[in-house]
Amino acid sequence: MTDTDYQSDTLRDITPEPSEVRRVVVLISGSGSNLQALIDEQTHDRLGGEIVAVISNEPEAYGLQRARDAGIDAVVLPHREYESRDAYDGALIKVIERHEPDLIVLAGFMRILTPRFVQRYFGRMLNIHPSLLPAYQGLNTHARALADGVAEHGCSVHFVTEELDGGPVVVQAEVAVAADETEESLKAKVHAREHLIYPIAVKWFLEGRLKLEAEGATFDGMPLPPHGLRMSHADAAEELDEE
Ligand code: GAR
């Protein structure tokens, strides 16, 4: 060992690591109410990191305004200007990389992602979906749940893999479907639950508690059950002051 080695080792022992802020890029296509829930947590220093950019494929997405109002870089990348899905995702990767994110958060980003995009962010990309996965993958989840007459519906946060809405689930929140439920009322209840669980899942990831390992999603080193952690209807209703 040289003197220099010795010195640097010693210094490493006594110098605290600079606490690096974990960086989040959020992708949206619409209203961005989930984005808002994340911004609200950030405002109260409870997110465990910083949203450094919001990117929308839809120029009119209201979420862009929410980002600007919060002083967050808001980027429009319209998919219609690209000739293929692959070309768009390539451009999206370039924009994302400029922001050097630790985590990509899909918050109502209504696009099917190419395998190359998913592989690039494998293990560091989360999505929220309006159903208790694996039930009702895809679109129109509330209408389909009502048509089936299910007693229970909800939402899920999951890691994104190449299987659409099929990656390992992290956390779910339940909604008990009322006898007089309409698509609108169900959507509103699910949305409120999304705003509860998404910031929690993001925080867990940023704190290093939530990981995607070879055997699936883990929380504090323990494998998560197939449907992730569950927030019951009763707990969510209490949290939300619902009737
Ligand atoms: C949310 O309900 C989210 O679960 C859904 O889009 C909505 C976006 O709302 N995502 C999907 O359906 C993805 N498959 P927001 O723009 O108000 O956050």
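The first residue in the sequence is number 1, and the count goes up from there. Bear in mind the structure is a predicted one, so any value in this text is a computation, not a measurement. Just follow the structure's listing: the first ligand is 1, and inside any ligand the first atom is 1.
- Ligand 1 lies out of reach of Gln36, whose nearest heavy atom is not under 4.0 Å from it.
- Salt-bridge annotation for Lys189 and Glu184: absent, with no side-chain N of the basic residue lying under 4.0 Å from a carboxylate O of the acidic one.
- Under 4.0 Å is where a charged nitrogen must lie from a carboxylate oxygen, and between Glu242 and Arg193 at least one such pair does.
- A salt bridge between Glu183 and Lys187 is absent, with no side-chain N of the basic residue lying under 4.0 Å from a carboxylate O of the acidic one.
- Across Thr161 and Pro168, no two heavy atoms sit closer than the pair CG2-CD, 3.7 Å.
- For Glu152, the CD atom is densely surrounded, since the number of other residues' heavy atoms within 6.0 Å is greater than 12.
- Residue contact annotation: Ile28 has no non-hydrogen atom under 4.0 Å from ligand 1.
- Looking at atom 4 (O) of ligand 1, its nearest protein heavy atom turns out to be Glu194 OE2, 2.8 Å.
- Within the set Arg111, His129, His191, the minimum heavy-atom distance to atom 9 (O) of ligand 1 is found for His191.
- In terms of protein heavy-atom proximity, atom 5 (C) of ligand 1 is closest to Pro130 CD, 3.9 Å.
- Residue, atom and distance of the protein heavy atom nearest to atom 17 (O) of ligand 1 are Ser33 OG, 2.5 Å.
- Within the structure, ligand 1 lacks Cys155 among the residues with a heavy atom less than 4.0 angstrom away.
- Think of Ile112 as one node in a network of Ile, Leu, Val, Met, Phe, Trp and Tyr side chains linked at under 4.5 Å; its network also takes in Leu164.
- Phe122 places none of its side-chain heavy atoms less than 4.5 Å from the side chain of Val160.
- Scanning all protein heavy atoms for the shortest distance to atom 6 (O) of ligand 1 gives Gly108 CA, 3.7 Å.
- Salt bridge absent: Arg124 and Asp102 never bring a charged side-chain N and a carboxylate O closer than 4.0 Å.
- Among protein heavy atoms, the minimum distance from atom 10 (N) of ligand 1 is reached at Ile128 O, 3.6 Å.
- If you look at Lys187 next to ligand 1, there are no close heavy atoms at all, none under 4.0 Å.
- Of all protein heavy atoms, the one closest to atom 16 (O) of ligand 1 is Gly32 N, 2.7 Å.
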